[in-house]
Student: 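Attaching a single structure in structure tokens format; questions to follow.
Order of the sequence lines fixes the chain letters, A, B, ..., with proteins taken first and strands second; residue numbering starts at 1 for each chain.
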There are 2 protein chains.
Amino acid sequence: MDTRTPAPESSPWLPFESRRRARDEKREAVLRTAVQLFLEQGYHRATLNEVADRLNITKPALYNYFRSKEDILFECWVMGQERVEDRISEIESAHENGLATLRMLVHAYAATMASDFGASLVRFNVADLSEPNQKITLAGKRRIDRAFRNAIKQGIADHSIKPCDVKLTAFAILGALNWIGHWYKPGGELSPDQIADDFAIRLTADIAKRPDKKPSEKKATKPVRKRSTR
Amino acid sequence: MDTRTPAPESSPWLPFESRRRARDEKREAVLRTAVQLFLEQGYHRATLNEVADRLNITKPALYNYFRSKEDILFECWVMGQERVEDRISEIESAHENGLATLRMLVHAYAATMASDFGASLVRFNVADLSEPNQKITLAGKRRIDRAFRNAIKQGIADHSIKPCDVKLTAFAILGALNWIGHWYKPGGELSPDQIADDFAIRLTADIAKRPDKKPSEKKATKPVRKRSTR
DNA sequence: ACTTTTTATTACCCTTGGGTAATATACGCA
DNA sequence: TGCGTATATTACCCAAGGGTAATAAAAAGT
């Protein structure tokens, strides 16, 4: 006999929802721990036992949430990819001119690279993924690449960006950005947002039609925030 | 039973070929094969059995030249590092002004990144090396970094380069360069030397005191060769 | 309270692949 | 032609670690 008042909030599928949420939270906790360990030690040197240890559980418990170690790796990558793609969508739907769009992309991507899941986009080895997952990651990388190239192309078309080789320009910019995932360590002199601000100008200075002021020499003046990251 | 793939022409163990070669040549042949395999499949997925197979020998034979798999990985890294440092020494001893030095550094480093041993500098995971070898690689990376930063500093001092944040500028340039090691595949539209030519200008355009012409838009006109790589 | 479902644990399996011991073969040299 | 050395092979060891089966504990449902 159910003695609870059947208030709208306590409808039969609400407990189910909250339980699902708890499960998702645990899933994400696993990913957060795993991505850190993978970044610290590399995917292969990191063991599932150690992931489990850090979560105060045991290895087989992980298999309630993931099918395999590779699955965990892939999901880490997905987390980073989703963040980036969400921001890209936002930025593109703002319909600014090419240069402004490019700078927002640089800013967003730079900030993401300074996070664990963001770094996982470039620090992990595609060869460690299953064949189908490799395809997915490759498609994702292409979408990011295309976003940058489109912004550059559009900028050339709308005359906010000087004519340039789109492909190489995108490579150069993305390279500088991806590298952040390798050198950034929390607690340095610059916050992710400061780095993002700087790079948004720095990496577009040479192709901008009306050259902006370059980032100040010694971060003396705070660069203009184009947009908050979150 | 014999699943050996046909040996590459470069293998000193080619059947019926003279096996009497200098020890160092064989050592290097191992490294060339290993670095390729490591780049293709990743260090951990690549097995010493497969390295040996490609050389038409068996795994234990490798231990005549190297103490361990990790040793091979490290020596691959050393090969790339030596090339870069040799070029840096040459360039620095030319005593040009800061901007010219920086451009030569960019050119040399870009070209190296488009080679197997060069790519190994950025594609391999430091965590896969022994503690002492990690120290060595770290020191090497620092020397490269310092070379770039010194060139920038000098350029600011001799007024060939605009005042800028030296550290972030170096990070941005090195990032774009390191990324080459990830996207460059032989047989593309651009040769390593063409890429190097382009990047030497592209990555320094925004900080050069007297801005050069940027690389042409569509590689329609062949970029001016600043200097041959070898 | 009793049952069912979810989540965790203990104990184990088993493949993979780096590394080694014993041994054979080729080579350089008298 | 035989000896010493360098180099290679065959056969094997074994630790590491991903993954699973059996089962216990906890939570949810009734």
Student: Nearest to the side chain of A/Ala61 - C/dA11, D/dG18, C/dA8?
Tutor: C/dA8
Student: Within this structure, what is the CG-to-C1' distance between B/Leu62 and D/dT7, rounded to whole angstrom?
Tutor: 12 Å
Student: Go through the N and O atoms of the side chain of B/Lys59 and the base of C/dG17, and report whether any donor-acceptor pair is under 3.5 Å.
Tutor: no
Student: Can the ring centroids of A/Phe124 and A/Trp77 be said to lie less than 6.0 angstrom from one another?
Tutor: no
Student: To the nearest angstrom, how far is B/Lys26 atom NZ from C/dC27 atom C1'?
Tutor: 10 Å
Student: So if I take residues 37-58 of chain A and measure heavy-atom distances to DNA chain D, which residues fall below 4.0 Å?
Tutor: A/Ala46, A/Thr47, A/Leu48
Student: With side chains defined as the heavy atoms from C-beta onward, is the minimum distance between B/Phe74 and B/Ile136 less than 4.5 Å?
Tutor: yes
Student: Under the criterion salt bridge (charged side-chain N to carboxylate O under 4.0 Å, His left out), I'd like the reasoning laid out for A/Glu70 against B/Arg45: C-alpha separation, chi angles, the key distance, then a yes or no.
Tutor: CA-CA 13 Å; A/Glu70 189 261 328; B/Arg45 297 186 72 82; over 6 Å; no
Student: Is there a donor-acceptor contact under 3.5 Å linking the side chains of A/His44 and B/Asp128?
Tutor: no
Student: Which whole-number value in Å describes the distance from A/Arg23 CZ to D/dA27 P?
Tutor: 16 Å
Student: Can you list, by residue number, the residues of residues 64-72 of chain A that have a non-hydrogen atom closer than 4.0 angstrom to DNA chain C?
Tutor: A/Asn64, A/Tyr65
Student: Got a second to check how far B/Leu177's CG is from B/Thr112's OG1, nearest 0.5 Å?
Tutor: 10.0 Å
Student: Please test A/Arg54 against A/Glu40 for salt bridge (charged side-chain N to carboxylate O under 4.0 Å, His left out), starting from the C-alpha separation and ending with a verdict.
Tutor: CA-CA 13 Å; A/Arg54 290 200 183 183; A/Glu40 278 173 31; 3.0 Å; yes
Student: Quick one: pull up CD1 in A/Ile173 and CG in A/Leu105 and give me the separation to the nearest 0.5 Å.
Tutor: 9.5 Å
Student: Using a strict threshold of under 4.0 Å (side-chain N to carboxylate O), is an ion pair present between B/Lys141 and B/Asp145?
Tutor: no
Student: In whole angstrom, what separates B/Asp24's CG from D/dT7's P?
Tutor: 10 Å
